[in-house]
There are 2 protein chains.
Amino acid sequence: MAEALEPEQLDTYFALMESVSVLHHAVEQQVRSAGELSYVQFQLLARLADAPDRQLTMTALADGVVYSRSGLTHQAGLLEKAGLITRGPSPDDQRATLVTITQAGLDRVATILPGHIEVVRDLLFDPLSTKDLAALGDVMTRVRDHMRAQPPRSAAPRKRRT
Amino acid sequence: MAEALEPEQLDTYFALMESVSVLHHAVEQQVRSAGELSYVQFQLLARLADAPDRQLTMTALADGVVYSRSGLTHQAGLLEKAGLITRGPSPDDQRATLVTITQAGLDRVATILPGHIEVVRDLLFDPLSTKDLAALGDVMTRVRDHMRAQPPRSAAPRKRRT
DNA sequence: TATTGTTATACTCTATAACTATA
DNA sequence: TATAGTTATAGAGTATAACAATA
């Protein structure tokens with residue numbers, strides 16, 4: 001195992017990473033200038049805004065966005081201080097903390113969104129046809145689901161060595 | 001203008017960002033544990049290893065990887081201190097600094113690469129067919145070229161307003 | 001005047017480890 | 001014993017602004 005990637009795979013990997021890096025940087029700036037938030041904070045708010053009751057447990061909120069508990073606690077602290085979320089105990093599990101987005105949080109997301117969408121369209125979707133979009137969406141959805149199914153690396157710091 | 005993204009676009013955007021975020025985190029860890037480098041540093045070395053004479057000017061090196069001059073100077077300083085690159089004056093342009101990767105730098109990249117490739121394969125390419133790979137490569141190459149052609153946001157902090 | 005690169009500084013983000021409390 | 005979350009702390013990354021030198 002561990003054979004070399006095909007050249008085509010390597011090119012694809014590099015194109016993907018560079019593109020998303022540039023896109024990430026662009027949206028980071030947009031979110032910061034339009035809404036005084038980091039992109040991570042914006043993503044957390046966006047997730048809450050889309051959640052069933054506009055609330056999620058800390059762990060659920062972190063998924064795919066933040067990779068350490070303490071990092072999330074820190075960001076949640078900032079968002080709470082800014083009045084964009086509230087934190088309270090969960091009725092189902094006394095250990096869990098339920099995070100809820102406030103109206104101010106929803107407003108903030110609404111303020112950021114139009115410009116955000118504009119940046120994403122200009123940078124990412126502009127050069128793509130409808131067909132391209134469908135292909136990209138299909139592939140990346142599959143990749144994301146595959147990654148979600150993967151054992152979390154954060155919790156599995158290679159033990160076995162043989 | 002600035003109409004809402006189609007739902008399909010939004011889903012695609014989110015899947016893309018989450019996937020690459022997870023991938024980024026995984027390769028970051030791999031590069032750090034296998035080669036004692038940050039991912040940014042690894043990318044810089046990898047670019048130099050692939051460059052025509054194994055050397056690039058600071059500005060060319062930064063493209064798509066680092067978004068501020070000072071950030072690159074800092075990272076280059078660390079890489080030079082570690083003996084992985086050297087910096088010298090450019091014969092073509094007295095203002096420019098030519099960065100060259102050393103043999104130790106090439107060795108370091110070679111040390112990191114196998115494990116790196118393994119992570120990328122497991123996380124990104126595993127769930128993709130040959131056809132998917134071709135589609136992804138085609139689309140992301142096009143996106144990257146589009147972004148490269150874009151006026152650099154860093155240097156164009158929106159002036160016009162009307 | 002514009003561009004290349006460096007320096008100094010300040011700030012944000014992230015992660016590690018130790019800890020509390022509940023399942 | 002395992003999981004959810006917090007705290008404190010330390011380290012790395014990044015950006016801004018002021019600067020020097022060359023085009």
Side-chain angles (χ1 to χ4, degrees), chain A residues 21-22 24-26 28-29 31-33 36-44 55-82 85-100 152-157, chain B residues 21-22 24-26 28-29 31-33 35-44 55-82 85-100 151-157:
Chain A
S21 173
V22 171
H24 187 283
H25 185 251
E28 179 89 47
Q29 284 189 222
V31 168
R32 206 172 285 280
S33 81
E36 310 246 282
L37 294 177
S38 70
Y39 187 47
V40 165
Q41 291 163 355
F42 171 70
Q43 286 179 93
L44 296 175
Q55 58 180 21
L56 288 171
T57 178
M58 291 287 277
T59 299
L61 184 54
D63 261 8
V65 177
V66 169
Y67 302 92
S68 74
R69 297 181 176 286
S70 63
L72 178 57
T73 296
H74 178 237
Q75 293 302 333
L78 295 177
L79 291 172
E80 191 174 43
K81 200 172 303 176
I85 64 167
T86 58
R87 278 184 288 187
S90 163
D92 303 329
D93 185 335
Q94 298 270 36
R95 295 171 303 180
T97 296
L98 268 184
V99 181
T100 308
R153 311 266 158 180
S154 32
Chain B
S21 174
V22 171
H24 187 282
H25 185 250
E28 179 90 46
Q29 284 189 222
V31 168
R32 206 172 285 279
S33 80
E36 311 245 281
L37 294 177
S38 71
Y39 187 47
V40 165
Q41 291 162 356
F42 171 70
Q43 287 179 93
L44 296 176
Q55 58 180 20
L56 288 171
T57 179
M58 291 286 278
T59 299
L61 184 54
D63 262 6
V65 177
V66 169
Y67 301 92
S68 74
R69 298 180 175 285
S70 63
L72 178 56
T73 296
H74 179 238
Q75 293 300 334
L78 295 177
L79 291 172
E80 191 174 43
K81 201 172 302 175
I85 65 168
T86 59
R87 278 183 287 186
S90 163
D92 302 330
D93 186 333
Q94 299 268 34
R95 295 171 302 181
T97 295
L98 268 185
V99 182
T100 308
R153 310 268 157 178
S154 32

- Item | Expected output: side-chain B:Gln41 to main-chain B:Ser38 donor-acceptor under 3.5 Å | yes
- Task: Ignoring backbone atoms, establish whether A:Thr73 has a side-chain N or O less than 4.0 Å from OP1 or OP2 of C:dA15.
- Result: no
- Task: Please determine if B:Arg32 and B:Glu28 form a salt bridge, counting it only when a charged side-chain N lies under 4.0 Å from a carboxylate O.
- Result: yes
- Query: Between atom CD in B:Gln43 and atom P in D:dT14, what is the gap in whole Å?
  - Reply: 10 Å
- Tell me, do A:Val40 and A:Val65 make a side-chain contact under 4.5 Å, heavy atoms counted? yes
- Message: Rounded to whole Å, please give me the gap between CG in A:Asp63 and C1' in D:dA4.
- Response: 14 Å
- Any donor and acceptor pair, going by atom type alone, linking the side chain of B:Thr57 with main-chain N or O of B:Ala60 inside 3.5 Å? no
- Task: Examine D:dT14: is either OP1 or OP2 under 4.0 Å from a nitrogen or oxygen in the side chain of A:His24? Give yes or no.
- Result: no
- Item | B:His25 side chain, from C-beta outward: closest of C:dT4, C:dA15, C:dT6 | C:dA15
- Task: In whole angstrom, give the distance that lies between atom CG of B:Leu61 and atom P of C:dT6.
- Result: 11 Å
- Message: To the nearest 10°, give me the bend of the helix from C:dT1-D:dA23 to C:dA23-D:dT1, comparing the axes of its five terminal pairs at either end.
- Response: 20°
- Separation of C:dT14 P from A:Tyr39 OH (nearest whole Å): 13 Å
- Message: Does the plane of the ring in B:His24 sit parallel, tilted or perpendicular to the ring in B:Tyr39? Use 30° and 60° as the thresholds.
- Response: perpendicular
- Considering just the side-chain nitrogens and oxygens of B:Thr57, establish if one lies under 4.0 Å of OP1 or OP2 belonging to C:dG5. yes
- Task: Starting at the 5' end of nucleotides 16-23 of chain D, put B wherever the base has a protein heavy atom under 4.0 Å, S where only the sugar-phosphate does, and a dash everywhere else.
- Result: B-----BS
- Task: Give a yes/no answer on whether the side chain of A:Arg87 brings an N or O atom under 4.0 Å of OP1 or OP2 in D:dT6.
- Result: yes
- Task: Working to the nearest 0.5 Å, report the span between CG of A:Leu56 and OG of A:Ser90.
- Result: 11.5 Å
- Task: Nearest 0.5 Å please: distance from the CG atom of A:Leu78 over to the CD1 atom of A:Ile85.
- Result: 9.0 Å
- Message: Judged by each residue's nearest nucleotide on DNA chain C, which is more toward the 5′ side, A:Ser38 or B:Leu98?
- Response: B:Leu98
- What nucleotide, of C:dA15, D:dT6, C:dC13, holds the atom closest to the side chain of A:Met58? D:dT6
- Given side chains that start at C-beta, do those of A:Ser68 and A:Thr73 come closer than 4.5 Å, heavy atoms only? no
- For the residue pair B:Met58 and B:Arg87, establish whether any side-chain heavy-atom pair is separated by less than 4.5 Å. yes
- Message: Without decimals, in angstroms, what is the distance between A:Glu28 CD and D:dG13 C1'?
- Response: 12 Å
- Query: Any side-chain heavy atom of A:Thr86 within less than 4.5 Å of one from A:Thr100?
  - Reply: yes
- Between A:Val40 and B:Leu72, whichever has its closest DNA chain C nucleotide further toward 5' is B:Leu72
- For atom CZ of A:Arg32 and atom C1' of C:dC11, their distance in whole Å: 10 Å
- Message: Can you measure B:His74 atom NE2 to C:dA10 atom P for me and round it to whole angstrom units?
- Response: 16 Å
- Message: Expressed as a whole number of angstroms, how long is the span from B:Leu78:CG to C:dT7:C1'?
- Response: 14 Å
